[in-house]
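The block underneath contains the structure these notes are about, expressed in structure tokens.
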Amino acid sequence: MKTLTRRDFLKVAGLSTAAISAMALAACGGKGETGTPSTSEPSGNKPATAPVSDGTTQSVTMEQAAAKEETWTEADADKTVVYHMGSTAHTLQKWTATGGDFLGSQMYCVYDGPIWVNPENFEYENYLATDYQLSDDYLTCDVTIRDDVYFTNGVHMTAHDLWWAMENLRASEYYPDGIVKAWRPYLDSIEETGEYSIRIKFTKPMPAFVANFGASLQIMPVETIESMGWDAYWQCPVGSGPYTYDEVDLTNSKVTLKLREDENGYWGYRKTGYYTNVKYLTFENSPEETTRIASLKTGEVDIIDNVPTSELGNLSGIDSISVNVLPSANQVFLQLACGAGDAFENKDLCRALNYAIDRELLVSSLMDGFAVPSTCGAQPGYYGYEDAPKYEYNLDKAKEFLQKANYDGREFRLVYTLSTVSNGNEVAQALQMMWQEAGINVKLEPLDVSLYDAARDARDFDIVLANIGASAPYQRLTYPEVIGNDKFNTGYQNEELRGLCQELQITVSPEKQTELLGRIFEIEADECQPNLYLYAPQKIFACQKNVTNILNHNATVLDCHAIVVND
Amino acid sequence: MEYRAGGAVAKAVNGVNLVINKGEALGIVGESGAGKTTTALSIMNLLPDRVSFVTDGDIFFHGESIFKKSDREMEHIRGKSISMVFANPLSSLNPLFTVGHQIAMGIMKHEGLGKREAAERTAQLLETVGIARYRLDDYPHQFSGGMRQRVGIAAALACNPELLLCDEPTTALDVTIQAQILELMKKLQKEFSTSLVMITHNLGIVAELCQQVAVMYGGEIVEYGTVEEVFTNPRHWYTYGLVHAIPNLTGPREELQAIPGLVANAKNLPQGCKFHPRCSHCTEKCKTEAPAMTKITESHQAACWVMED
Amino acid sequence: MLRQLGKRLIASVIVLIAISIFSFALVRLDGADPARMLAGELASDQEVEDMRVRMGLDKPVVQQYLTYMNNVLHGDLGYSWAFSMPVSELFAIRIPQTLRISVLGILWACVFSIILGVIAGIHQGSGVDFFAMFFAVVGQSMSTVWLGFMLILIFAVKLGWLPVQGVQGARSLIMPCLCVGFGTAAHQTRLMRSGMVDVLREDYVTATRARGISRNKTYFKYALKNALLPIVTNIGGQIGRLVSGAVVVENIFNLPGMGQALITGINQRDYQLVQSFLLFTAALLVVCNMLADIVYTIIDPRITFN
């Protein structure tokens with residue numbers, strides 16, 4: 001064998017390492033411009049009354065449905081769809097599950113709710129319920145459900161099942177207070193008033209009632225639960241939806257649903273005209289984003305969620321894959337310390353801050369366009385949006401207000417933590433620069449989350465960069481509580497605002513809620529206190545192009561109960 | 001031959017012409033670094049693979065060229081016809097295998113004996129070299145230096161070799177053990193007619209044991225002949241120096257006569273006669289021309305320009 | 001020998017206690033409040049407090065530690081909030097998967113590195129040696145994460161030969177095992193090679209050849225045994241690397257093993273899961289090192305158990 005000298009070795013080692021690195025970079029690259037993928041529509045400008053996607057979620061028209069209904073049955077389904085998610089779940093009980101969307105997606109497939117959000121126009125409609133009536137004082141609700149609904153195990157659904165679900169929310173050994181806090185404080189009594197009807201009595205008006213009165217209630221056959229026993233039952237729970245639990249492996253967060261094969265079939269398909277050809281639906285956790293994306297590309301997986309914006313370049317341009325956007329679940333916003341003696345007590349100063357922020361730029365440069373720049377406190381399509389005044393980006397006005405406020409050039413402290421806003425550094429720096437242009441000096445203070453929480457509690461800040469979960473159903477709860485109760489201690493002093501929020505906390509009527517929210521946001525937009533909303537990051541999911549009719553109910557989880565896989 | 005490593009070339013053996021006859025004992029004498037071990041290793045063609053190069057010459061065993069033999073053929077010769085006892089008993093035995101195994105490996109290979117018979121032979125061999133037979137299953141670290149050397153000798157003798165190469169077999173041992181080993185060697189010569197090449201820097205051993213002697217310096221043989229002639233009448237100045245460096249046991253105390261200077265460095269050998277920098281009789285010719293072997297008698301040669309008559 | 005073993009055991013116990021204290025403190029160090037995390041952002045203070053009591057976090061830290069250690073000694077490794085099951089049960093379910101890739105990983109690493117290292121050592125300076133050293137350097141410096149993603153990119157996405165992730169039969173174990181063993185294989189190749197080179201220089205190797213033993217037998221029977229010694233002790237230390245490798249690899253390839261559970265636990269501040277995992281790994285390391293030492297004394301007759 002030929003002898004190689006040390007010099008040769010070093011030379012070749014250097015060259016080959018360089019070569020390998022170059023190849024690796026080339027392989028990982030091919031990103032092109034990091035911008036919106038060709039398949040997705042630009043964000044933010046639509047009134048979002050229709051799903052934001054590329055037509056993947058096409059729905060079946062009523063004529064098509066009528067024609068289909070005659071010929072189609074569940075037995076015709078033969079496809080399998082695999083959905084990989086970033087979240088995990090270790091129980092099938094929605095109420096004890098700790099966070100994440102894993103179970104959320106299954107709710108629509110396995111259970112039904114009295115009310116649902118129509119995926120085509122985002123309106124609340126009767127689903128299981130044929131009728132629900134709220135009294136004028138909003139303290140009573142009479143609900144009547146359909147008489148033709150059968151659970152997947154053949155049991156006929158009656159009011160008793162709905163009663164049982166509600167009664168457990170009211171008081172139950174199975175659900176401790178902390179986990180059903182959305183319901184428990186509001187429920188006074190539930191009684192069955194007929195074979196298919198119940199009467200709910202509230203302790204006080206429940207603003208989020210309609211929003212929560214859906215599939216997540218988990219209406220289940222009481223007789224099955226009682227005969228199997230609570231723990232055994234949860235190994236394989238039963239609902240009235242189109243799918244049943246087929247294989248459940250919770251330690252590995254993997255669940256497979258199977259289309260029901262009982263003689264009754266799914267009543268919902270007859271009502272809406274949707275149908276599916278997917279016999280097996282598998283939900284599985286895959287923690288690494290890169291792995292999820294690779295699996296989608298090889299075809300091992302049909303749907304993935306939580307696609308980071310940085311990976312879009314990777315996925316664009318692949319004909320077989322479509323990339324879609326979901327409504328956001330949260331808003332990134334600023335809070336100002338505006339109590340007596342605080343830095344931002346002066347409203348003109350707040351306005352100056354506000355006019356200097358270019359939200360569109362923030363979204364386009366930091367979020368690759370995948371966020372809705374806030375034009376007011378609400379998000380497009382949600383309550384209060386239409387009525388509220390919109391933010392404006394105007395540097396001159398900012399300077400004007402600065403002058404009016406007699407700004408002396410002092411430095412303000414912006415406090416934030418990466419635990420709540422993961423790209424906090426970039427956002428804070430961008431804001432700092434924007435304010436600099438207007439002549440406002442701001443110092444950035446990134447903190448550890450525990451220190452951050454402590455600073456907020458003690459109002460040890462001038463400006464706070466924060467993140468708040470604000471998906472549609474909860475907006476009615478979130479804003480009134482956060483603003484009305486000044487949960488994060490901004491110290492704002494507008495009594496009218498406070499009054500409005502507290503009124504909202506007991507308003508149930510959607511119209512009144514819209515009106516109130518509109519006024520709340522109006523005041524906030526005018527005074528720019530206590531909150532300045534920045535943008536609502538959107539979530540992205542991707543799927544194989546031949547997987548169609550993934551529905552969305554204006555929420556952050558996908559409804560997979562009516563998927564049609566084209567060949 | 002020369003060693004080449006890292007760009008440097010060490011000319012280890014530059015001119016050796018030797019003849020060994022059956023039953024004869026040849027001593028090779030010289031200081032460390034003279035090329036003695038290299039010569040021995042090359043007889044068995046066991047020089048380290050990548051760094052050693054034979055540039056010229058050949059070795060003949062029973063009339064056949066060693067260097068032309070294939071590996072397989074050499075394996076039959078090594079340990080069986082030609083055997084070697086190594087210089088450093090502390091490092092020439094494998095610490096992880098029993099002494100018995102290391103002696104028996106040659107027996108099992110060359111004579112095809114099974115384990116049990118080989119063990120019996122090994123036990124006998126141990127007794128021959130003066131080690132209790134039950135120590136067969138002990139490991140090298142459980143023996144003293146002298147005993148280890150005896151084990152090495154036993155291993156070398158295992159298959160009754162025709163030619164035994166001994167590289168400094170007694171250097172690491174004390175005098176009494178030395179004597180025992182020499183007795184053993186003599187016995188072997190007598191009983192089995194084993195030819196012997198005894199490499200040493202101890203002239204006394206050579207005088208005891210050998211009939212012929214070759215003196216090496218700088219990779220060359222500078223004097224060669226019978227032991228009586230070379231030791232009583234050394235003609236090369238190096239040999240002269242060696243012989244007279246031994247102090248007399250009897251008579252008045254004299255000053256020790258050392259040979260000035262250092263041993264020639266194989267990487268940087270002097271021109272002409274390799275010994276010339278250290279020789280008190282050096283002439284101009286010595287510095288430029290290397291002397292050839294000159295016959296002094298039928299059985300005595302030396303390579304020097306300035307020999308006394 | 002038994003006395004030495006006893007001393008060693010006591011030392012090991014002390015080390016384990018120290019590690020348990022250390023890991024106990026470590027997970028609590030970042031100040032995030034798991035009760036708040038579990039209760040949710042909009043939970044009221046009372047609800048967070050309730051959650052805290054349920055999780056046992058309201059007691060003083062020292063008491064929490066003592067309770068935990070007491071439980072551990074009775075076989076109760078705590079309760080995992082992230083997985084809603086006892087930690088020991090979670091371990092029992094998840095360890096087989098981790099073991100599968102770890103054991104296979106270390107197996108291939110050993111076999112490969114020994115073969116390559118020996119050949120490289122024998123043929124020093126040749127092309128094989130060159131490749132071996134290159135592999136050793138690159139492999140030791142390579143990030144497991146990068147390697148994992150590169151393998152997925154090449155073999156799953158571009159070539160389509162292997163599945164990207166999950167457990168789909170034997171094929172899905174190939175890339176994970178490769179990743180897990182890679183660093184160890186590289187490290188050991190280097191060790192094996194230099195060990196072999198050193199051994200081949202020894203006199204006793206020449207002496208063995210001088211007895212007529214063939215080249216191959218000399219190298220692979222007589223020299224190899226000597227060169228293997230440092231590898232044996234080294235393997236004990238490699239276990240640590242294997243465990244951390246498994247954690248990363250399981251996450252990338254979505255294998256439901258202990259490593260993935262650990263990451264989930266860390267993200268959700270599941271104290272007891274993380275603590276128990278650390279303790280378990282430490283115990284594993286201690287045991288493996290001790291075993292390696294014992295094996296070493298068996299192989300090398302010169303060493304007594306000291």
Side-chain angles (χ1 to χ4, degrees), chain B residues 5-6 37 40-41 43-51 71-98 101-111 137-142 148 151-152 155-159 161 165 167, chain C residues 114 118-130 132-133 192-233 295-306:
Chain B
T37 309
L41 285 177
I43 295 179
M44 283 212 285
N45 204 0
L46 258 193
L47 295 165
D49 284 328
R50 296 156 316 281
V51 294
D71 251 359
R72 171 93 35 104
E73 290 168 333
M74 278 314 296
E75 281 163 24
H76 283 305
I77 294 180
R78 292 189 203 119
K80 185 166 165 58
S81 320
I82 310 180
S83 237
M84 184 155 167
V85 178
F86 286 79
N88 186 347
L90 295 172
S91 64
S92 54
L93 288 175
N94 192 327
L96 300 188
F97 291 87
T98 61
H101 182 106
Q102 297 192 52
I103 298 176
M105 61 165 80
I107 301 176
M108 293 201 284
K109 161 134 189 155
H110 295 294
E111 315 212 351
D137 291 321
D138 284 343
Y139 288 90
H141 68 276
Q142 293 169 286
R148 275 190 243 188
V151 168
L157 296 177
C159 305
L165 308 170
D167 190 355
Chain C
I114 289 176
V118 164
I119 299 182
I122 294 175
H123 300 287
Q124 214 186 342
S126 67
V128 175
D129 186 20
F130 184 78
M133 291 315 282
M192 193 70 226
R193 177 213 176 261
S194 45
M196 201 62 187
V197 164
D198 285 343
V199 164
L200 289 178
R201 248 184 248 150
E202 293 283 344
D203 281 344
Y204 56 78
V205 172
T206 319
T208 310
R209 295 285 309 283
R211 290 175 205 137
I213 309 295
S214 71
R215 221 182 261 264
N216 280 342
K217 196 162 178 193
T218 309
Y219 294 153
F220 291 101
K221 180 171 177 178
Y222 294 108
L224 182 57
K225 195 170 176 191
N226 298 65
L228 274 178
L229 285 181
I231 301 262
V232 169
T233 39
V295 169
Y296 197 89
T297 60
I298 295 176
I299 299 183
D300 189 342
R302 292 170 293 182
I303 312 287
T304 50
F305 194 71
N306 256 321

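A note on names: the letters A, B, ... follow the listed sequences, proteins ahead of strands, and every chain is numbered from 1. These figures come from a predicted structure and were not determined experimentally.
Your options are B:S92, B:G106, B:A155, B:A87, and the one with the most heavy-atom pairs under 4.5 Å with chain C is B:S92. Heavy-atom pairs under 4.5 Å with chain B were tallied for C:R209, C:R211, C:K225; the largest tally goes to C:R211. Contacts with chain C were tallied for B:I77, B:D71, B:L165, B:V85; B:D71 has the most, counting heavy-atom pairs under 4.5 Å.
Crowding of C:K217 atom NZ: a count of heavy atoms from other residues, nucleotides or ligands under 6.0 Å not exceeding 12.
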(request) Decide yes or no on side-chain contact (heavy atoms from CB on, under 4.5 Å) for B:L93 and B:Y139, but give the supporting numbers first. (result) CA-CA 9 Å; B:L93 288 175; B:Y139 288 90; over 6 Å; no

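For B:M44, the part lying near chain C is the side chain, with the backbone staying farther off; criterion is any non-hydrogen pair under 4.5 Å. Residue C:L228 does not touch chain B at all, counting heavy-atom pairs closer than 4.5 Å. Both the backbone and the side chain of C:R215 come within contact range of chain B, with heavy atoms under 4.5 Å apart. Both the backbone and the side chain of B:Q102 come within contact range of chain C, each with at least one heavy atom under 4.5 Å from a heavy atom of that chain. Residue contact with chain C, scored on non-hydrogen atoms closer than 4.5 Å, is absent for B:K80. Heavy atoms closer than 4.5 Å to chain B are found nowhere in C:L200, neither backbone nor side chain.
Under a 3.5 Å cut-off, the side chain of B:S83 and the backbone N or O of B:A156 do form a donor-acceptor pair. The main-chain N or O of B:S91 is never found under 3.5 Å from a side-chain atom of B:R148 such that the two would form a donor-acceptor pair. Between the side chain of B:H110 and the backbone N or O of B:S81 there is no donor-acceptor pair closer than 3.5 Å.
Taking the six-membered ring wherever Trp is involved, the centroid distance between the rings of C:H123 and C:Y219 does not fall below 6.0 Å.
Contact check for C:E202 versus B:N94: no side-chain heavy atoms found under the 4.5 Å cut-off.
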